[in-house]
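Numbered from 1 within each chain, the chains take letters A, B, ... in sequence-line order. Hydrogens, waters and symmetry mates play no part in the numbers below; they use all other heavy atoms, side chains included. This one's a predicted model, so the numbers in the text were calculated from it and none came from an experiment.
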Protein chains: 2
Amino acid sequence: MTQPDIAPNKPPKRKRLSSEARRQDFINQAIEFFAEEGFESSTRGLAKKLGVTQPLLYRYFPSKNNLISEVYDAVYVKRWQPEWEPLLRDRSRPLADRLNTFYKVYTDAIFNREWMRIFLFSGLKGVDINRRYMQLVRQRILEPILIEARVEFGLPDVPPKHCEVEFVWVTHGGIFYYGVRDLIYESAISTDKDRVIADAITALMAGLEIKLNGPKQT
Amino acid sequence: MTQPDIAPNKPPKRKRLSSEARRQDFINQAIEFFAEEGFESSTRGLAKKLGVTQPLLYRYFPSKNNLISEVYDAVYVKRWQPEWEPLLRDRSRPLADRLNTFYKVYTDAIFNREWMRIFLFSGLKGVDINRRYMQLVRQRILEPILIEARVEFGLPDVPPKHCEVEFVWVTHGGIFYYGVRDLIYESAISTDKDRVIADAITALMAGLEIKLNGPKQT
DNA sequence: AATTTAATTTGTCATTCGATAAATAAGCAA
DNA sequence: TTGCTTATTTATCGAATGACAAATTAAATT
């Protein structure tokens with residue numbers, strides 16, 4: 001149990017990080033902490049997890065709310081990958097293939113306990129960044145899918161109707177909710193993510209073909 | 001502004017409810033309160049909403065956690081309608097019709113702000129009643145749907161496979177998540193609930209026909 | 001009206017919360 | 001080393017929290 005003190009070049013003392021790096025480290029651990037405990041949890045609890053005292057947090061963040069905003073930013077903004085949209089719009093591949101690839105990488109990005117819990121907590125708080133994220137999903141994912149579907153089916157290029165967007169939302173939400181059941185409720189009975197996605201996309205494509213060709217739409 | 005005191009048989013003074021009725025009234029208002037503010041909110045805030053002082057709550061409930069348990073019970077257990085399952089199993093009607101009727105009445109029961117927020121809050125807390133509710137959905141809704149689908153398609157009566165249940169879960173979760181978007185995120189762009197349900201069921205039936213007849217399943 | 005019983009409020013306690021100021025410790029440059 | 005700067009801790013404040021006991025009020029019963 002005696003610690004090997006003879007390590008001259010690397011003293012076991014705490015290495016001092018740059019102020020910005022330390023701040024980022026705090027944010028990253030705050031993501032884990034608030035994701036698990038909720039945003040109502042105490043700054044003292046977070047400080048304990050960080051191994052520091054609670055007032056130190058106020059050297060790096062002016063208030064608890066400011067720290068929470070940094071957590072939102074790190075989760076919502078920085079984990080969004082701009083290449084997702086061109087992937088969906090790549091007409092050299094069948095749409096069903098693109099959708100399978102997209103939902104594979106998209107769920108790789110968001111199907112983790114921290115992301116999903118932060119998302120659900122912030123959604124219940126009704127913060128603005130949550131609404132903006134939903135708009136981003138609609139504009140960069142769902143509407144492109146509908147445009148690509150019309151091309152795939154040889155239909156004229158008209159803007160997606162509201163009820164068409166809702167239809168794609170239901171599939172998207174169903175896949176998202178599979179992640180919630182798997183990672184948060186721990187009630188998913190199949191953990192073969194790619195299989196679940198593939199089946200959902202099969203039904204989505206079949207439904208889209210029926211819906212987009214259907215005669216009477218509002 | 002003078003109150004009409006001349007109402008001899010019914011004095012405008014506060015009518016005293018029976019102890020049990022008052023308790024139920026507290027629970028009902030606690031549902032609204034905790035649904036909006038979250039379970040971390042204070043008993044003083046609830047008491048203010050009730051128009052009473054905070055210690056009075058402890059005459060009706062031994063602790064805050066006990067009150068929260070009563071809220072769970074009122075939301076999860078008492079709003080479940082046993083007739084939902086026989087409705088799904090009524091083979092005198094086509095399955096698609098039954099599904100449309102079922103999801104119409106099911107969403108009438110759960111698509112309200114209080115129910116959905118209590119559900120999401122309790123899910124994030126990981127309380128046991130949430131897990132039990134998910135099992136109830138699987139056993140009383142999703143698996144019956146798969147059994148009925150096999151009958152509808154003239155397939156042999158074998159128990160549903162895990163990935164088949166997940167497939168129905170995705171549609172079910174998608175419809176549920178439509179309610180979340182509409183009532184909590186307020187980001188739904190079509191509020192024609194029946195239309196959203198009908199489209200989802202069209203895709204579900206098409207997907208089920210493909211999936212249940214498919215050759216290679218695990 | 002007098003008495004009993006239940007409902008409700010007042011007052012309070014120990015703890016915990018976010019936040020601030022002052023004191024200390026640790027790294028860095030000369 | 002010596003001083004200077006930054007990081008971190010100690011101590012503390014006022015407000016809010018869940019819970020309890022005792023006092024008070026209001027309804028019900030006789």
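Between the side chain of Arg23(B) and the main chain of Tyr60(B), a donor-acceptor pair closer than 3.5 Å is present. Looking only at distances, no side-chain donor or acceptor of Glu85(A) sits under 3.5 Å from a matching main-chain atom of Arg140(A).
Whole-Å rounding puts the Leu56(A) CG to dT9(D) P distance at 6 Å. Rounded to an integer number of Å, the gap from CD of Glu20(B) to C1' of dA6(C) is 15 Å. Here the C1' atom of nucleotide dT20(C) and the CG atom of Leu57(A) are 14 Å apart, to the nearest Å. Leu50(B) places its CG atom 11 Å from the P atom of dT9(C), with the value rounded to the nearest Å. Atom CG in Asp25(A) sits roughly 11 Å away from atom P in dT8(D) (whole-Å rounding). Atom CZ in Arg23(B) sits roughly 17 Å away from atom P in dA6(C) (whole-Å rounding). For the pair Arg22(A) CZ and dA26(C) P, the computed distance is 14 Å after rounding to whole Å.
Under 3.5 Å, the side chains of Tyr76(A) and Ser122(A) contain a donor-acceptor pair of N or O atoms. Side-chain N/O atoms of Arg44(A) and Thr53(A) include no donor and acceptor closer than 3.5 Å. No side-chain N or O of Tyr177(A) forms a donor-acceptor pair with one of His172(B) less than 3.5 Å apart.
Contact of the Arg93(B) side chain with the Asp90(B) side chain is registered, since non-hydrogen atoms from C-beta on lie closer than 4.5 Å.
Helix-axis bend for the helix from dA1(C)-dT30(D) to dA30(C)-dT1(D): the local axis fitted to the five terminal pairs at one end deviates from that at the other end by 10°, rounded to 10°.
If you run ring pair (Phe, Tyr, Trp, His ring centres under 6.0 Å) between Tyr72(B) and each of Phe39(B), Trp115(B), Phe119(B), only Phe39(B) comes through.
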| task | List the steps and the verdict of side chain to side chain contact (heavy atoms under 4.5 Å, CB included) for Phe176(A) and Met116(A). | result | CA-CA 9 Å; Phe176(A) 170 81; Met116(A) 304 215 101; 3.2 Å; yes
Write down the protein N/O and nucleotide N/O pairs, taken from nucleotides 17-21 of chain D, whose separation is under 3.5 Å; answer none if there are no such pairs.
unit_1	atom_1	unit_2	atom_2	d
dT17(D)	OP1	Ser42(B)	OG	3.4
dG18(D)	OP1	Lys64(B)	NZ	2.7
dG18(D)	OP2	Thr43(B)	N	2.8
dG18(D)	OP2	Thr43(B)	OG1	2.8
dG18(D)	N7	Arg44(B)	NH1	2.8
dG18(D)	O6	Arg44(B)	NH2	3.0
dA19(D)	OP2	Tyr58(B)	OH	2.4
dA19(D)	OP2	Lys64(B)	N	2.9
dA19(D)	N7	Gln54(B)	NE2	3.0
dA19(D)	N6	Arg44(B)	NH2	3.2
dA19(D)	N6	Gln54(B)	OE1	3.1

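A salt bridge between Arg113(B) and Glu36(B) is present, with a side-chain N of the basic residue lying under 4.0 Å from a carboxylate O of the acidic one.
The side chain of Arg59(A) places no N or O atom within less than 4.0 Å of a non-bridging phosphate oxygen (OP1 or OP2) of dT9(D).
Tyr60(B) comes within 4.0 angstrom of sugar-phosphate atoms only, judged by non-hydrogen atoms across all strands, and of no base.
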